[in-house]
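The block underneath contains the structure these notes are about, expressed in C-alpha cells.
Reminder, nothing fancy here: chain letters follow the sequence lines and each chain counts from 1.
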Number of protein chains: 2
Amino acid sequence: MSRDTGSFVDAMHGGRPLHAEVRAELTRRIDSAVYPTDAPLPSASALAREFGVSMITVKRALKDLQNEGLLTSRAGLGTFVKRPKKFVRDYNMSLNSMDDAQRLGFEPRIDLLSITMEAPADILAGVPDLPRDPMHCVKKAIYADDVPIMYDVSFVSADLGDAFLQLVGKHLIYDALTKIGVKIRKTELIIDATPASPETQAVCGVSSGYPCLLRRYRYETDREGLLFFGQVESPFDKLSCTITMES
Amino acid sequence: MSRDTGSFVDAMHGGRPLHAEVRAELTRRIDSAVYPTDAPLPSASALAREFGVSMITVKRALKDLQNEGLLTSRAGLGTFVKRPKKFVRDYNMSLNSMDDAQRLGFEPRIDLLSITMEAPADILAGVPDLPRDPMHCVKKAIYADDVPIMYDVSFVSADLGDAFLQLVGKHLIYDALTKIGVKIRKTELIIDATPASPETQAVCGVSSGYPCLLRRYRYETDREGLLFFGQVESPFDKLSCTITMES
DNA sequence: GAGTGGTCTAGACCACCCT
DNA sequence: GGGTGGTCTAGACCACTCC
C-alpha cells in the first residue's frame with residue numbers, strides 16, 4: 001500500500017471529495033505504468049480495502065475514469081487500462097484522388113446496419129430545416145483494426161437504386177461516389193462534441209455520457225440533384241480531425 | 001403520478017436498469033416541457049417517492065442527465081432544466097476582415113487568467129513534438145452573454161513585450177494580431193472531443209467527464225518568427241464549429 | 001463455485017441556500 | 001430552521017466469466 005489509510009480520510013475532510021482522491025491516485029498509477037496497458041486493475045473490493053474507503057467510492061472513481069477514457073470494465077472479467085489508439089480524419093485530403101485507406105491511415109471495415117426510409121427531421125435531432133419527408137437512410141458502423149470508431153447515419157437525396165445504396169452501405173461516401181464516377185463539389189461540415197447517442201453506445205461499446213466527436217456533413221456533387229447529408233459520431237479517444245487553411 | 005410504481009419495478013426486471021428507466025421518463029418530461037426551461041425539478045427525494053425507487057437511483061439518473069447537458073444542479077438550490085444556447089465558430093471567415101464579434105455572432109468578454117512562462121510540453125498533454133523550453137503562455141476565459149464558453153491556453157513564440165501579451169490576454173488572437181498589423185498566413189487545426197479538463201471544469205462550471213470540444217490551433221503569421229499555438233476547450237452545449245470546402 | 005463489475009437499497013452527514 | 005444536492009457507508013442481489 002503506497003499511501004496509508006489515514007491520508008485519504010484526512011484529505012476528504014480538508015478539500016477534495018474522497019472519490020476524487022482515489023481517482024487521482026489511480027490516474028497516477030496508470031500514468032506511471034504501475035498498472036500497465038491492457039492489464040487488469042485490482043478488483044474494486046481489493047482497492048477499497050487498500051484505500052480504506054467503501055467499495056461504492058472506489059466504483060465511483062472507476063466510473064469517472066471510464067468516462068475519461070482511461071479504463072474499461074467488463075462485468076465478470078475485471079477493469080482494464082485502455083490502450084490509447086487514435087485515428088485522424090484529415091479533411092485536407094478529402095477532395096483529392098487518394099483512396100480512403102490512405103487518407104485515414106488504416107483499412108476500414110464497414111458493417112452495414114440498415115437501409116431504410118426515414119424522415120431526416122426524426123433522426124438528426126437538433127438540426128434545423130431538415131426534410132420531414134422520408135428519404136433513403138443508410139446506417140453503418142466503421143471499424144479500424146476491428147475496433148469500432150464511427151457510427152454513421154447518412155441520407156441520400158436521389159434514388160439511384162438498391163445496388164447504389166448497398167455500395168454506400170459498404171464504403172465511405174467518398175469511395176462510393178468515386179466508384180460511380182461522381183465528384184464532390186462542396187463539403188459543409190459542422191463539428192461538435194456530444195455525449196454518446198444510444199446507437200453509438202451500442203456500436204462502440206461506450207457508456208451514456210461518453211464524450212464523442214460529432215461531425216454533421218453535407219456533400220454536394222456534380223450530378224444534378226444528388227446530395228448527401230448525415231452525421232457520424234466517434235468516441236473521443238478513437239478519432240480526431242485536422243484541417244489546414246492557407247491565406 | 002404519471003406512471004404507477006409497479007411499471008418501473010417491472011421494467012427493471014425485464015430489461016434496462018432502473019436508473020435508465022428513470023432517466024428516460026425525466027427526458028420525456030423535459031422534452032415535452034412538463035419541466036420547463038430554467039424551472040426547478042421536484043427534489044430528488046420527491047422524485048424517489050413518486051417513482052417508487054431509492055433516492056440514490058434518482059440521483060444516478062440526474063447525474064447522467066447532467067452529463068448529457070439537459071440539467072444542472074446547485075447544492076442547496078435545486079436541479080434545473082438547462083436553457084439550450086449554443087454559439088458557432090465559423091472557420092470560413094477566420095481569415096477575412098470581419099471582427100470577431102461579427103464572426104462569432106456575439107460580443108465576447110474575456111477574462112485574462114494568467115501570463116506566465118511555461119513549457120508547452122508540460123501543459124498541452126498528448127501533443128507530440130512540443131518545445132520543452134519555457135515560452136510565454138497566456139491563459140484566458142471567454143464569455144458570451146456572461147456565460148463561460150471557452151478556456152484558452154496559448155503560447156507565443158516571440159517576445160513582443162508585456163503590452164502585447166496583455167493585448168493577447170484581452171482579445172481573441174485574430175483581433176490581437178489585427179491591432180498590431182500582423183496577418184495570419186496559415187492555420188492548422190486539430191479538432192477533437194475530450195472530457196473536461198480540471199481548468200475547464202472550473203472556468204465553465206461543468207463536472208469531470210463532461211463532453212467538450214477541443215481545438216488545437218497553430219497560426220503562422222507574416223512576421224518572421226512569430227507564431228501562436230495552443231488549445232481551446234468548450235463545453236459541447238456551448239460551441240460548435242463549421243467549415244466549408246469547395247472544389 | 002468463486003470472483004468480478006453493475007446495480008439497487010436504506011440511512012446518514014455535510015455544505016449550501018433560502019426565509 | 002428546513003430544504004436542497006453532494007457525498008459516503010454497509011450490505012445485498014444479479015449476470016457474467018473463468019476454472
Specify the separation, in whole Å, of atom [atom1] of [X] and atom [atom2] of [N].
| X | N | atom1 | atom2 | answer |
| --- | --- | --- | --- | --- |
| A/Phe80 | D/dT17 | CZ | P | 12 Å |
| B/Gln201 | D/dG6 | CD | P | 14 Å |
| B/Arg23 | C/dT7 | CZ | P | 10 Å |
| B/Lys63 | D/dG6 | NZ | P | 9 Å |
| A/His19 | C/dC14 | NE2 | C1' | 13 Å |
| A/Met55 | D/dA12 | CE | C1' | 10 Å |
| A/Arg49 | D/dA10 | CZ | P | 13 Å |
| A/Phe51 | D/dT7 | CZ | P | 18 Å |

Give a yes/no on whether any side-chain N or O of B/Ser54 is located under 4.0 angstrom from OP1 or OP2 of C/dC8.
-> no
Can you find a side chain N or O atom of B/Arg60 that sits less than 4.0 Å from OP1 or OP2 on C/dT7?
-> yes
Counting side-chain heavy atoms from CB outward, which of [options] is closest to [X]?
| X | options | result |
| --- | --- | --- |
| A/Val53 | D/dC8, C/dG6, D/dT9 | D/dT9 |
| A/Leu77 | C/dG6, D/dT17, C/dC17 | D/dT17 |
| B/Thr57 | C/dC8, C/dG6, D/dG5 | C/dC8 |
| A/Pro17 | D/dT7, C/dA10, C/dG5 | D/dT7 |
| B/Leu18 | D/dT9, D/dG6, C/dT9 | C/dT9 |
| A/Ser43 | D/dT7, C/dC8, C/dT4 | C/dT4 |
| A/Ile56 | D/dG11, D/dG6, D/dT17 | D/dG11 |

Pairwise side-chain contact, B/Cys241 with B/Asp90, heavy-atom cut-off 4.5 Å (strictly under) = no
Beyond-backbone contact of B/Ile173 with B/Phe228, side-chain heavy atoms, under 4.5 angstrom |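 With C-beta onward as the side chain, the pair touches.
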Does the distance from a Lys or Arg side-chain N to an Asp or Glu carboxylate O, for B/Lys139 and B/Glu118, drop under 4.0 Å?
->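 Yes, this pair counts.
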A/Ile142 side, atom CD1; A/Leu172 side, atom CG - distance, nearest 0.5 Å =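 With rounding to 0.5 Å, CD1 (A/Ile142) is 5.5 Å from CG (A/Leu172).
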Got a donor-acceptor pair under 3.5 Å from the side chain of B/Lys59 to the base of D/dG6?
-> yes
For the residue pair A/Phe80 and A/Tyr35, is the inter-centroid distance of their aromatic rings smaller than 6.0 Å?
-> no
